[in-house]
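Every chain is numbered from 1, with letters handed out A, B, ... down the list of sequences.
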Amino acid sequence: MGDIAIRVQGISKQYRLGKKERYQTLRDTLASTFTVPFQRVGRLLRGEGLDVAERNELIWALKDISVELRRGEAIGVIGANGSGKSTFLKILSRITEPTTGFAEIYGRVGSLLEVGTGFHPELTGRENTYLNGAILGMKRGEIDRKFDEIVAFSEVERFIDTPVKHYSSGMYLRLAFAVAAHLDPEILLVDEVLAVGDAGFQKKCLGKMGSVTKEGRTVLLVSHNMGAIAQLCARTIHLEQGRLKCIGPSTEVVSAYLSSSIGDDVKSSWFTDSSKPNHAEVRFSSARLLSVDEQPLSVVRFDSAFFVEIAYAVTVPIRDLSVSYKVHDTQGNLVFEAMDTDMPEWKGRVREPGQYRSICEVLPSFLKPGRYRISLGSFVEHVKMIEKQESVLSFDVSEVGYPLNPGRLGIVSPVLQWKVIG
Amino acid sequence: MEQTVQVIRIERSRGWVALQLKELWAYRELLYFLVWRDVKVRYKQTALGVSWAIIQPVFTMVVFSLFFGRLAKMPSDGIPYPLFSYAALVPWTFFSHGLTLASNSLVGSANLIKKVYFPRLAIPIASVTSGVIDFVIAFIVLLGMMIYYGIVPTLNVIWLPLLLLITFITSLGVSLWLSALNVQFRDVRYMIPFLTQLWLFATPIAYPSSLLSEPWRTLYSLNPMVGVVEGFRWALLGTDTAPGPILIVSSLAALALLVGGAFYFRRLEKTFADVV
């Protein structure tokens, strides 16, 4: 057995994009209406499925990943959306098969791709605890033994015999996480879904994850939360477009990732005119975040300034036009709103028809580490609202590289100037 | 400290794969919980509750008795027609409900399939098994009717568990084919009501199989439900349609359906999480 917990050797996963041929003519359509079913039935009977001829666009969700996890090691997996993180976890969890390569897992595995999988709304909290526990791979005796502990952790004692459909979403999540948290296999595979719920609950989840990793269990953690990765995992894997970009000590990989996410405009939002009513006097065309050297980004370091760039077209001359954006945190708090007429040079002036960009610099060391979303608006002050676009863009503020006290209260966490006089 | 460490090897499987019944057995507790969930949830938030288990076969029996028994004067092997048809409807309802539920079960459990690993065979097996409760309830009504008509079961009742097992195997066998297909083609969902209806009339429920003459009758019992239904009447009501050859043919057909279905299911299983 040695001290290896997971060995991954050259794993690749290919997906077929479900793109079907479009029928060209009515005659073709009618003809294939009669012939295609027979061809399909033939293929089905051979157990081939249908994809051979009809869908042929292939993509590699994962390409040639090799990695070894030592026993007792916690390792993080990061990468942009669509980089293959979840596919990787699904393969290790045996939910889907790799196309090539193999992996070997030494020990009892538990995987948590979601909390509350299999919860049934009509069943009570108690019943769902047993059901969910069994689904996650716990034995009945094990659930019996841990039941009181699970209920205590979830803080839903009073409602444990109430059907979960009457639970608030917070109670539901707490119970679901409590069951998951009491799963104790030798090897734990966890997806970022743990980072749900309110801040207090997230903290509890992270605390629990922290104690799990300290107990010497092997953990593979997929997350968008760079802080959590850096805190919980010694090593981190960075995936990019299905390939292993790099692997190494978490702090290094995470900061490399944060700087490489420059140029990755996945989270910048572009919209075409056709999606908007054409009579609008102001039409937003894009919104994105830029670094100080004008590269698009989706993750912002806590201690660096960044720009919010809003591009739009003005179709009729408008006097006193304000273009604004709002920043909300994940709890729905409006953190701040900013408008370009704060700059006196555009006060009282007319914007002639044409293309514009409004660029706003946001202070460094101001937004608390976490996830935010941006909504756009345009209006003429005291006169009318012209256009609103909710949640066009989201971004993360990462605390990596800055020693910020994590327990700090408040919606923002500005680093202010202090004098201490003795 | 040195224990045997379980090693799991993950790689692509090709073609026909082993059934892994041992693994399925290791997951028997999950199977138990899935059955238990289906039983618990089945009649939640219905006004009539468990009575649905009786309503369906009983009302079908009433309709059959009126149209086939009274109007068409269908022969019934010397048994009062209501009892004749109800004795067949009890296993039939177990079969067709199991089939309907299990065929849709994978699609209904898409979330489980995409998020958790376990032998997928557990899902349709649990769906069919959960119908046993309904069967028992409908069966009690059958006993009541037998008392009413003053019919004493023969010693052959000892064969009933075997007959129930054949029903189970048939229902599961067909479901394995259909549920795996249903993952990729939702057409199956529309096919099932149609299939069960045709199958109902291809099974001697409203009429006796004694209407057929011999070489045809044995051929007819390639439909496993023929053996089950005739077996039920023979064991409980003492019809003299001695079902020996019928039962053997039907059991073999049921087993073939199950084994074929299980391998077909296992072959498609690896695609479930990606397609469902």
Side-chain angles (χ1 to χ4, degrees), chain A residues 1 5-6 8-9 11 13 15-16 18 37 40 44-45 47 49-51 90-109 111-114 117-124 127-128 130-141 143 163 186-187 191 193, chain B residues 2-17 23 26-34 36-38 40-46 109 111-120 122 177 180-181 183-185 187 260 263-276:
Chain A
M1 58 177 271
I6 301 179
V8 177
Q9 197 71 57
I11 281 213
K13 173 79 183 178
Y15 277 114
R16 296 190 167 91
R40 289 183 178 184
L44 283 176
L45 292 179
L50 290 189
D51 16 56
K90 279 189 175 178
I91 288 174
L92 290 182
S93 310
R94 290 198 283 167
I95 291 165
T96 186
E97 285 185 349
T99 311
T100 62
F102 70 91
E104 280 173 336
I105 300 184
Y106 303 87
R108 206 162 76 92
V109 196
S111 63
L112 280 178
L113 271 64
E114 179 186 71
T117 311
F119 262 42
H120 197 290
E122 297 283 353
L123 296 178
T124 67
E127 291 163 342
N128 271 309
Y130 277 88
L131 179 63
N132 187 229
I135 286 170
L136 293 176
M138 289 192 223
K139 296 275 168 230
R140 199 175 177 184
I143 308 171
E186 294 152 343
I187 300 166
D191 204 349
V193 283
Chain B
E2 194 66 28
Q3 314 162 283
T4 49
V5 174
Q6 175 192 349
V7 181
I8 300 164
R9 195 176 159 93
I10 298 165
E11 62 188 328
R12 183 180 187 181
S13 56
R14 284 167 197 278
W16 302 102
V17 286
E23 192 186 26
Y27 275 87
R28 62 192 179 277
E29 283 201 349
L30 174 61
L31 189 58
Y32 163 81
F33 275 111
L34 290 176
W36 170 82
R37 175 196 68 180
D38 285 352
K40 277 232 146 185
V41 168
R42 180 165 290 186
Y43 297 115
K44 281 264 165 85
Q45 214 159 12
T46 58
S109 306
N111 197 37
L112 279 188
I113 290 174
K114 282 197 262 190
K115 299 292 183 189
V116 189
Y117 172 80
F118 56 90
R120 309 306 186 200
W177 289 94
L181 265 176
V183 169
Q184 201 157 19
F185 303 101
D187 312 50
F263 278 101
Y264 183 71
F265 186 96
R266 284 284 297 152
R267 181 170 182 154
L268 289 190
E269 181 175 327
K270 63 182 171 192
T271 63
F272 290 168
D274 297 335
V275 179
V276 70

**Report entry** Atom group of B:Ser13 that falls short of 4.5 Å from chain A, counting heavy atoms
**Finding:** both

Query raised in the report: Contact part of B:Ile113 toward chain A, heavy-atom cut-off under 4.5 Å: side chain, backbone, both or neither?
Result: backbone

Query raised in the report: Does a donor on one side chain sit under 3.5 Å from an acceptor on the other, for A:Thr96 and B:Lys270?
Result: no

**Report entry** Pairing of A:Glu97 and B:Arg12 as salt bridge, 4.0 angstrom limit
**Finding:** no

**Report entry** Residue among A:Arg140, A:Gln9, A:Glu122, A:Arg94 with most heavy-atom pairs under 4.5 Å to chain B
**Finding:** A:Arg94

Query raised in the report: Quick one: do the B:Glu29 and B:Tyr27 side chains pair a donor with an acceptor below 3.5 Å?
Result: no

Query raised in the report: Quick one: side chain to side chain contact (heavy atoms under 4.5 Å, CB included) partners of B:Glu269, sequence neighbours excluded?
Result: B:Arg120, B:Phe265, B:Arg266, B:Phe272

Query raised in the report: Should A:Arg108 and A:Ile187 be marked as a side chain to side chain contact (heavy atoms under 4.5 Å, CB included) after you check the CA-CA gap, both sets of side-chain angles, and the distance that decides it?
Result: CA-CA 6 Å; A:Arg108 206 162 76 92; A:Ile187 300 166; over 6 Å; no

Report summary line: Whatever's closer than 4.5 Å to a heavy atom in chain B on A:Ile6 counts as neither

Query raised in the report: Which answer fits A:Ser93, side chain, backbone, both or neither, if we ask what part of it has an atom under 4.5 Å from a heavy atom of chain B?
Result: backbone

Query raised in the report: Measuring from B:Phe33:CZ to A:Leu131:CG, what's the distance to the nearest 0.5 Å?
Result: 7.5 Å

Query raised in the report: Side chain, backbone, both or neither: which part of A:Glu127 has a non-hydrogen atom closer than 4.5 Å to chain B?
Result: both

Query raised in the report: Relative to chain B, which segment of A:Lys139 carries a heavy atom at a distance below 4.5 Å: side chain, backbone, both, or neither?
Result: both

